[in-house]
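Let me begin by presenting the structure, written as structure tokens, before commenting on it.
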Amino acid sequence: MRLNHLLCALLCAVALPAQAQTSDEWASYDDVFERGASQANVWQWGWTGIYGASLAVNAYQSSEASDSDDRFDARVGVVKSALALGGMLMESQPHQAALVEYERLKARGELSGVQALGLELAQAERERRGFGARVGSLIVNGIAGGVIAADGRERDGAVNFATGMLVNELQIWTQPNQASSAINRFQPARVSLGPVSLEGEYALMVSPQQIGATWRY
């Protein structure tokens with residue numbers, strides 16, 4: 001809550017130049033929201049296809065592999081792939097909904113609403129790269145690796161765990177981050193405190209670890 005108050009106070013204190021509402025400014029917003037939604041769509045279906053293919057391969061190997069250890073590992077892989085595929089189908093990226101809302105706000109010329117929407121989207125991108133995005137993978141891969149290790153193959157269990165976590169990291173870091181990148185760029189601004197005005201540039205710095213503001217002049 002205090003973070004939202006800080007951001008609102010910052011945005012209220014900073015008076016952007018008049019040209020912020022030009023067609024170039026709207027074109028920049030078009031790029032952020034439209035490219036974000038497009039990349040989110042590619043990301044969603046790309047990873048859905050990867051996990052679907054993994055599920056099919058593991059299902060085949062679970063009964064057809066010549067080695068008993070390979071069949072056992074494939075059965076573990078079936079469970080992991082099915083859970084990952086289910087997660088992709090049940091959870092969508094926020095960018096498509098953000099694009100719909102952006103188009104509504106743009107049609108009404110509500111620039112302040114678009115700026116707030118960009119902050120919300122950047123915050124959502126940040127959260128999807130945070131520790132919470134890794135908890136589920138830690139649990140699933142930890143159990144899978146433990147099951148294989150309990151079968152007498154500790155090294156194979158460790159490899160399975162490490163591989164699963166690596167794939168999850170790739171999934172996390174290939175997500176769209178257009179809003180975060182746009183917000184992190186410095187913008188010209190003027191801060192007015194009574195009769196005193198200060199020209200400079202500001203950026204709202206968003207990262208997986210923190211969100212804050214930076215001013216330079």
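Quantities reported herein were computed from a predicted structural model and do not represent experimental measurements.
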Discussion item. Does any part of the side chain of Val167, heavy atoms only, come nearer than 4.5 Å to the side chain of Tyr51, both counted from C-beta?
Written reply: yes
Worksheet entry | Minimal non-hydrogen separation, Leu121 against Pro94, with atom names | CD1-CG, 3.9 Å
Practice prompt. Supply the atom-to-atom distance Arg129 CZ to Glu169 CD, rounded to the nearest 0.5 angstrom.
Written response: 10.5 Å
Discussion item. When you measure from the side chain of Glu125 to the backbone of Ser180, do you find a donor-acceptor pair of N or O atoms at a distance under 3.5 Å?
Written reply: yes
Practice prompt. Kindly compute the distance separating CG (Asn160) from CD1 (Ile143), expressed to the nearest 0.5 Å.
Written response: 12.0 Å
Worksheet item: Do you know the tightest heavy-atom contact between Asn141 and Gly164?
Response: OD1-CA, 3.2 Å
Worksheet item: What heavy-atom pair brings Ala74 and Ser62 nearest, and what distance separates the two atoms?
Response: CB-N, 3.4 Å
Worksheet entry | Rounded distance [0.5 Å steps], CG in Leu166 versus CD in Gln171 | 12.0 Å
Practice prompt. Write down the atom of Gly157, the atom of Ile148, and the distance for their closest heavy-atom approach.
Written response: N-CG2, 3.6 Å
Discussion item. Test of understanding: clusters of I, L, V, M, F, W, Y form through side-chain heavy atoms closer than 4.5 Å, transitively. Do Leu89 and Trp43 belong to the same one?
Written reply: yes
Practice prompt. Quick one: sort the Tyr29 and Tyr102 rings into parallel, tilted or perpendicular, breaks at 30° and 60°.
Written response: tilted
Fill in: Sidechain-backbone polar pair: Glu101 side chain, Ala98 backbone, donor-acceptor under 3.5 Å
no
Discussion item. Are Gln93 and Arg128 packed together at the side-chain level, in the sense that at least one heavy-atom pair is separated by less than 4.5 angstrom?
Written reply: yes
Worksheet item: Are Trp47 and Ile172 joined in one hydrophobic group, where the rule is that I, L, V, M, F, W and Y side chains link up if heavy atoms are under 4.5 Å apart?
Response: no
Worksheet item: Out of curiosity, does Phe131 fall in the hydrophobic cluster containing Met165 (side-chain heavy atoms, cut-off under 4.5 Å, transitive links)?
Response: yes
Discussion item. Restricting to non-hydrogen atoms, name the atom on Ala40 and the atom on His95 that form the minimum distance, rounded to 0.1 Å.
Written reply: CB-CB, 3.9 Å
Response to the item:
Rounded to the nearest 0.5 Å, the CG atom of Leu83 sits from the CD1 atom of Ile139 at a distance of 11.0 Å
Fill in: Minimum heavy-atom distance Ala144-Val76, with the two atoms named
CB-CG1, 3.5 Å
Discussion item. For Glu91, is there any backbone N or O sitting under 3.5 Å from a side-chain donor or acceptor partner on Gln44?
Written reply: yes
Item to complete: Nearest 0.5 Å please: distance from the CG atom of Asn168 over to the CZ atom of Arg134.
Response: 7.5 Å
Discussion item. Distance check, rounded to the nearest 0.5 Å: Asp30 atom CG versus Lys106 atom NZ?
Written reply: 3.5 Å
Item to complete: Answer yes or no: is there a donor N or O on one side and an acceptor on the other, between the side chain of Asp67 and the main chain of Asp69, under 3.5 Å?
Response: yes
Practice prompt. Following the transitive rule for hydrophobic clusters with a side-chain heavy-atom cut-off under 4.5 Å over Ile, Leu, Val, Met, Phe, Trp and Tyr, establish whether Val147 and Val140 coincide in one cluster.
Written response: no
Worksheet item: After noting the C-alpha distance and the side-chain angles of Asn58 and Ser54, does the key distance pass the side chain to side chain donor-acceptor pair (under 3.5 Å) rule?
Response: CA-CA 6 Å; Asn58 279 311; Ser54 176; 3.3 Å; yes
Discussion item. For a 4.5 angstrom cut-off between non-hydrogen side-chain atoms, does Phe161 reach Leu138?
Written reply: yes
Fill in: Donor-acceptor contact present, side-chain Ser81 to main-chain Val78, <3.5 Å
no
Discussion item. Please check this pair: side chain of Arg71 against backbone of Ala65, looking for a donor-acceptor N/O pair closer than 3.5 Å.
Written reply: yes
